[in-house]
Amino acid sequence: MSSEKDGSGRLYVVATPIGNLDDISARAIDVLRSVDAIAAEDTRRTRKLLSRYEIGTPLVSHHEHNEDRAARRVVERILGGHSVALVSDAGTPLISDPGYRLVRLAADEGIDVVAVPGPSAVTAALSVSGLPPLPFRFEGFLPRKKAARRRKLESLAGERATLIFYVSPHRVGAVLSDLVETLGDRPAALARELTKIHEEVRRAPLSELLDGAAERPPRGEIVVVVQGERSE
Ligand code: SAM
């Protein structure tokens, strides 16, 4: 894909699995195989995925600590005629992952930015939550510090859309407790380790999810989905 029809390079934003490596699209494999380079958050992690599909494309590092510099380098490469695929460790790049600066810069330079869509924990969790799917509001990770987290949640108390949060397992008790206190005891779902061996979805009011987390702490990767205010 180094020479597209018009001879210019492209930036492909490629979703990768959130657990089960079979959840990659045929097109994603094709694109990863045929671009000149893959910009990856963690090159070692992406290498595992590439070796599973026997993809030998060179990897370049692109993570949040070097994003400005890395983005500029990738854009220069594309302007020189190469095509590059952006991936993150799991799921869709930019969704609580690096990539925004690269996409912005590429778009500003007139580069074709092409989506190769696929898994994301936000849509996977929402789709099995049993809560109203639309409208939804994805907040990503809440602030780590309690005061800032409470302020954020208070600002969401009147939101009618279904709310979706990414939650670190270390903070799940604190987050559920803040959710009950700021939003009230609403219907909710806790989805963890989706597509993996220990996949589990707990559907219950927030207070029950909180009690359950105390009795049986949910481990691994977690998404919490909460019904919006008075939504059906
Ligand atoms: N870009 C990714 C996406 O599209 O979902 C998200 C990256 S973010 C750094 C990682 C967070 O996503 C985890 O802490 C967890 O909240 C959520 N997550 C990722 N994989 C998951 C899975 N298999 N099951 C549940 N949540 C997951």
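All heavy atoms count here, side chains included; hydrogens, waters and symmetry mates do not. Each residue takes its place number in the sequence, starting with 1.
Heavy-atom minimum distance, Ser120 versus Ile95: OG-CG2, 3.8 Å. In this structure, Glu229 and Ala157 approach most closely via the heavy-atom pair CB-O, 3.8 Å. The two residues Pro117 and Arg27 have their closest heavy-atom pair at CD-NH1, 3.9 Å. The minimum heavy-atom distance between Leu126 and Pro132, with the atom names listed, is CD1-O, 4.2 Å. What you find for Gly184 and Leu206 is that their closest heavy atoms are O-CD1, 3.5 Å. Across every non-hydrogen atom of Thr16 and Pro119, the tightest pair is O-CG, 3.7 Å.
Expressed to the nearest 0.5 Å, how far CZ of Arg216 lies from CG of Asp211 amounts to 12.5 Å. Atom CD1 of Ile55 and atom CG of Leu49 lie 6.5 Å apart (nearest 0.5 Å). The CD atom of Glu41 sits 9.0 Å away from atom CG of Leu86, with the distance rounded to the nearest 0.5 Å. Note: Asp108 CG to Arg101 CZ = 14.0 Å, rounded to the nearest 0.5 Å. Interatomic distance, OH of Tyr53 versus CG of Leu32, reported as 10.5 Å (0.5 Å rounding). Summarising the geometry, atom CG belonging to Leu102 is positioned 12.5 Å from atom CZ belonging to Arg73; distances are rounded to the nearest 0.5 Å.
For Glu208 and Arg202, the salt-bridge test fails: no basic side-chain N is under 4.0 Å from an acidic carboxylate O. Glu154 has no carboxylate O lying under 4.0 Å from a charged side-chain N of Lys152, or vice versa, which leaves the two without a salt bridge. A salt bridge does not link Arg72 to Glu67: none of the charged nitrogens lies less than 4.0 Å from a carboxylate oxygen.
In the hydrophobic clustering of ILVMFWY residues, with side-chain heavy atoms under 4.5 Å counting as a link, Tyr100 and Phe141 come out apart. Residues Ile29 and Val87 are members of one and the same hydrophobic cluster, defined by side-chain heavy-atom contacts under 4.5 angstrom among Ile, Leu, Val, Met, Phe, Trp and Tyr. No continuous path of ILVMFWY side-chain contacts below 4.5 Å connects Ile38 to Val84, so the two sit in separate hydrophobic clusters. With hydrophobic clusters built from ILVMFWY side chains whose heavy atoms lie under 4.5 angstrom apart, Val103 does not share a cluster with Tyr12. Transitive grouping of hydrophobic side chains (ILVMFWY, heavy atoms separated by less than 4.5 Å) brings Val116 and Val35 into a common cluster.
Within the 3.5 Å criterion, the main-chain N or O of Thr195 finds a donor-acceptor partner in the side chain of Glu199. For the pair Ser127 (side chain) and Ala124 (backbone), a donor-acceptor distance under 3.5 Å is present. Within the 3.5 Å criterion, the main-chain N or O of Asp42 finds a donor-acceptor partner in the side chain of Asp89. Remark: side-chain polar atoms of Glu109 are not paired, donor with acceptor, to backbone N or O of Ile111 under 3.5 angstrom.
The local environment of CZ in Arg144 is sparse, with at most 12 non-hydrogen atoms from other residues, nucleotides or ligands closer than 6.0 Å. For Leu134, the CG atom sits in a packed shell: over 12 heavy atoms of surrounding residues, nucleotides or ligands are nearer than 6.0 Å.
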Item to check | Intermediate values then yes/no, side chain to side chain contact (heavy atoms under 4.5 Å, CB included), Leu156 and Glu139 | outcome: CA-CA 10 Å; Leu156 294 173; Glu139 284 288 331; 3.7 Å; yes

Checklist entry - Taking it one step at a time, do Leu194 and Asn20 satisfy side chain to side chain contact (heavy atoms under 4.5 Å, CB included)? => result CA-CA 8 Å; Leu194 293 173; Asn20 188 325; over 6 Å; no

Next on the checklist: Between Val13 and Val114, is the side chain to side chain contact (heavy atoms under 4.5 Å, CB included) condition met? List the steps.
Outcome noted: CA-CA 6 Å; Val13 180; Val114 180; over 6 Å; no

Item to check | Test side chain to side chain contact (heavy atoms under 4.5 Å, CB included) applied to Leu190 and Val201, step by step | outcome: CA-CA 6 Å; Leu190 185 153; Val201 183; over 6 Å; no

Please tabulate, for the side chains in residues 165-176, all donor-acceptor contacts under 3.5 angstrom to protein atoms that are two or more places apart in sequence or on a different chain.
| unit_1 | atom_1 | unit_2 | atom_2 | d |
| --- | --- | --- | --- | --- |
| Tyr166 | OH | Val122 | N | 3.0 |
| Ser168 | OG | His170 | N | 3.2 |

If you look only at distance, which donor and acceptor atoms sit under 3.5 Å apart when one is on a side chain in residues 219-226 and the other is two or more places apart or in another chain?
| unit_1 | atom_1 | unit_2 | atom_2 | d |
| --- | --- | --- | --- | --- |
| Glu221 | OE1 | Lys196 | NZ | 2.9 |

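Residues meeting the salt bridge (Lys or Arg N to Asp or Glu O under 4.0 Å) test with Arg151, sequence neighbours left out: none. Residues passing the ring pair (Phe, Tyr, Trp, His ring centres under 6.0 Å) test with His198, sequence neighbours excluded: none.
Side-chain atoms of Arg137 and Ile164, non-hydrogen and from C-beta on, never get closer than 4.5 Å to each other. Residues His82 and Arg10 are not in side-chain contact: their nearest non-hydrogen atoms beyond the backbone lie 4.5 Å or more apart. Under the 4.5 Å side-chain criterion, counting only non-hydrogen atoms from C-beta, Val128 is in contact with Arg203. Using a 4.5 Å cut-off on side-chain heavy atoms (C-beta onward), Asp112 and Leu11 make no contact. Using a 4.5 Å heavy-atom threshold, the side chains of His62 and Pro98 count as touching.
Counted by atom type alone, Ser83 and Asp36 present zero donor-acceptor pairs between their side chains at under 3.5 Å. For the residue pair Ser88 and Asp97, a side-chain donor N or O sits within less than 3.5 Å of a side-chain acceptor on the partner.
For residues 115-127, the set of pairs meeting the salt bridge (charged side-chain N to carboxylate O under 4.0 Å, His left out) definition, not counting sequence neighbours, is empty. Here salt bridge (charged side-chain N to carboxylate O under 4.0 Å, His left out) pairs that include residues 48-65, with residues two or more places apart or in two chains, are Asp22-Arg52.
Between Phe136 and the options Leu131, Thr162, Leu163, a side chain to side chain contact (heavy atoms under 4.5 Å, CB included) holds for only Thr162.
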